[in-house]
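Before any comments, here is the structure.
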Amino acid sequence: MKTYAIVGNQFEGVYTKPWPEVQKYTQTKPAPKYKGFTTKAEAEQWFAEMTGANGNTARTYEVAYDGNFTWDPKRYYIFTDGGNRNTGNIAGGHVKSTDKAAWAIAIYPGNQPHQAVFTDSGAFLGRTNNEMELFALINALKQAAKVPEQVTIVSDSKYVLDSVTDWMYNWQGNGWQKKTGEIANLEAWKLVYDLMQQLAERISFIWVKGHATSDGNVLVDQLLNQAMDNL
């Protein structure tokens, strides 16, 4: 019998039950990460990597659904966001070349959770929401590289966090290929991978619900909308 591991919801754990029983544990919001293995040892190893139980916080992320979490005064927190005004997103439409898109980041010291010490943003035409979330991550990592302290990146993008903590390493190990087709935003993910090699020992991640009402989430949403307004 296969062994299954679930990470990221209230049913987090390793299971040796049949898949029909385990499957119901994966159908929650937010959606967890889960995987099947031929041995329990493999499942437990993956679970340890994904939960940070092996000390590697770069391979997992905390879930703070409403945006509330405990701040560590000794680290920095970088809030990130990306978005676009997709007028083509009707009846299967795609982003148009004239659609506005933007990313934004805001940095807070852990002992000062209500006052950002640095912000940045950028705007483009014809870019997707995922691209902007990824651009925000890249700029956050570049800022994290400038300080020696521990840094936590806070994002509402499952695409970004699942990729940077898990999928990206599979892509790299397979020669930057995946079985299901091309890797979207490939060059950007290669850059993220290189940045993470420098930062992995002092980076952690938090996922929050989109538009969570913490100061950081509110600010980056305002910044990216201002960037689109000014484009």
Side-chain angles (χ1 to χ4, degrees), residues 8 29-33 58 61 63-65 67 78-107 119-145 152-172 174-196 199 203 205-212 214 216-231:
K29 292 184 179 180
K33 289 188 283 188
Y61 56 85
V63 173
Y65 190 77
I78 308 181
F79 288 78
T80 70
D81 200 6
N84 67 354
R85 295 173 182 170
N86 186 354
T87 61
N89 193 18
I90 300 171
H94 299 285
V95 173
K96 295 180 180 178
S97 61
T98 54
D99 287 344
K100 295 182 177 183
W103 60 268
I105 64 172
I107 302 178
T119 63
D120 197 10
S121 60
F124 303 85
L125 293 173
R127 301 297 186 97
T128 67
N129 182 80
N130 279 350
E131 284 181 288
M132 294 298 95
E133 296 279 11
L134 181 50
F135 280 23
L137 171 66
I138 289 170
N139 281 278
L141 292 173
K142 287 180 177 179
Q143 292 300 323
T152 295
I153 293 175
V154 185
S155 170
D156 66 4
S157 172
K158 280 279 190 175
Y159 164 71
V160 159
L161 294 182
D162 284 340
S163 298
V164 72
T165 61
D166 188 6
W167 303 340
M168 174 181 73
Y169 296 93
N170 296 330
W171 300 336
Q172 191 274 338
N174 291 325
W176 291 107
Q177 297 180 16
K178 64 178 184 178
K179 296 178 181 179
T180 56
E182 294 184 0
I183 299 170
N185 308 310
L186 176 58
E187 294 307 314
W189 280 115
K190 287 182 177 180
L191 175 56
V192 170
Y193 181 86
D194 289 341
L195 289 167
M196 284 298 296
L199 297 167
I203 284 284
F205 299 95
I206 293 176
W207 177 85
V208 296
K209 176 176 62 71
H211 305 292
S214 69
N217 287 92
V218 171
L219 179 57
V220 288
D221 183 67
Q222 291 174 343
L223 290 169
L224 72 86
N225 277 286
Q226 289 171 4
M228 285 189 280
D229 289 342
N230 294 331
L231 186 62

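Just so it is clear, the model here is predicted, and its values are computed rather than measured.
- Side chain of Asn217 to main chain of Ser214: no donor-acceptor pair is present (N/O by atom type, distance under 3.5 Å, no hydrogens or angles).
- For residues 128-140, the pairs satisfying side chain to side chain donor-acceptor pair (under 3.5 Å) are Thr128-Glu131, with sequence neighbours left out.
- Listed by chain and residue number, Ile78, Val151, Leu199, Ile203 satisfy the side chain to side chain contact (heavy atoms under 4.5 Å, CB included) test with Ala144 (two or more places apart in sequence, or in another chain).
- Taking every heavy atom of both residues into account, Ala106 and Thr119 meet most closely at CB-CG2, 4.0 Å.
- With contacts defined as side-chain heavy-atom distances shorter than 4.5 Å, the pair Lys178/Asn170 does not qualify.
- The two residues Met132 and Ala102 make their nearest non-hydrogen contact at CB-O, 3.2 Å.
- Applying the salt bridge (Lys or Arg N to Asp or Glu O under 4.0 Å) test to pairs two or more places apart or on separate chains, those with a residue in residues 220-231 are Arg85-Asp229.
- Between Trp103 and Val220, the closest side-chain pair of non-hydrogen atoms is not below 4.5 Å.
- For Asn230, there are no side chain to side chain donor-acceptor pair (under 3.5 Å) partners, not counting sequence neighbours.
- For the pair Ala136 and Ile105, the tightest heavy-atom approach, listed with the atom from each and the gap, is O-CG2, 3.4 Å.
- Scanning for side chain to side chain donor-acceptor pair (under 3.5 Å) contacts around Lys33 gives Thr165, with sequence neighbours left out.
- The backbone N or O of Arg127 sits less than 3.5 Å from a side-chain atom of Asn84, completing a donor-acceptor pair.
- With sequence neighbours excluded, the residues that form a salt bridge (charged side-chain N to carboxylate O under 4.0 Å, His left out) with Lys190 are Glu187.
- Side-chain contact between Lys209 and Asp156: absent, with no pair of heavy atoms (C-beta onward) separated by less than 4.5 Å.
- Looking only at side-chain heavy atoms (C-beta outward), Leu224 and Ser121 stay at 4.5 Å or farther from each other.
- Residues that satisfy the side chain to side chain contact (heavy atoms under 4.5 Å, CB included) test with Gln172, not counting sequence neighbours, are Trp176, Tyr193.
- Summarising the geometry of Ser97 relative to Leu125, their closest heavy-atom pair is O-CB, 3.4 Å, with the distance given to 0.1 Å.
- Take Phe124 and apply the ring pair (Phe, Tyr, Trp, His ring centres under 6.0 Å) test, not counting sequence neighbours, and it matches Phe135.
- Here the CZ-CG distance, from Phe205 to Leu137, works out to 6.0 Å after rounding to the nearest 0.5 Å.
- When every heavy atom of Leu223 is checked against every heavy atom of Ala104, the shortest pair comes out as CB-CB, 3.7 Å.
- Residues meeting the ring pair (Phe, Tyr, Trp, His ring centres under 6.0 Å) test with Trp167, sequence neighbours left out: none.
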Compile the donor-acceptor pairs under 3.5 Å between side chains in residues 157-164 and protein atoms, sequence neighbours left out, one pair per line.
| from | atom 1 | to | atom 2 | distance (Å) |
| --- | --- | --- | --- | --- |
| Ser157 | OG | Tyr159 | N | 3.4 |
| Ser157 | OG | Val160 | N | 3.0 |
| Lys158 | NZ | Ala31 | O | 2.8 |
| Lys158 | NZ | Tyr61 | OH | 3.0 |
| Tyr159 | OH | Asn185 | ND2 | 3.0 |
| Tyr159 | OH | Trp189 | NE1 | 3.0 |
| Asp162 | OD1 | Tyr61 | OH | 2.6 |
| Ser163 | OG | Tyr159 | O | 2.7 |

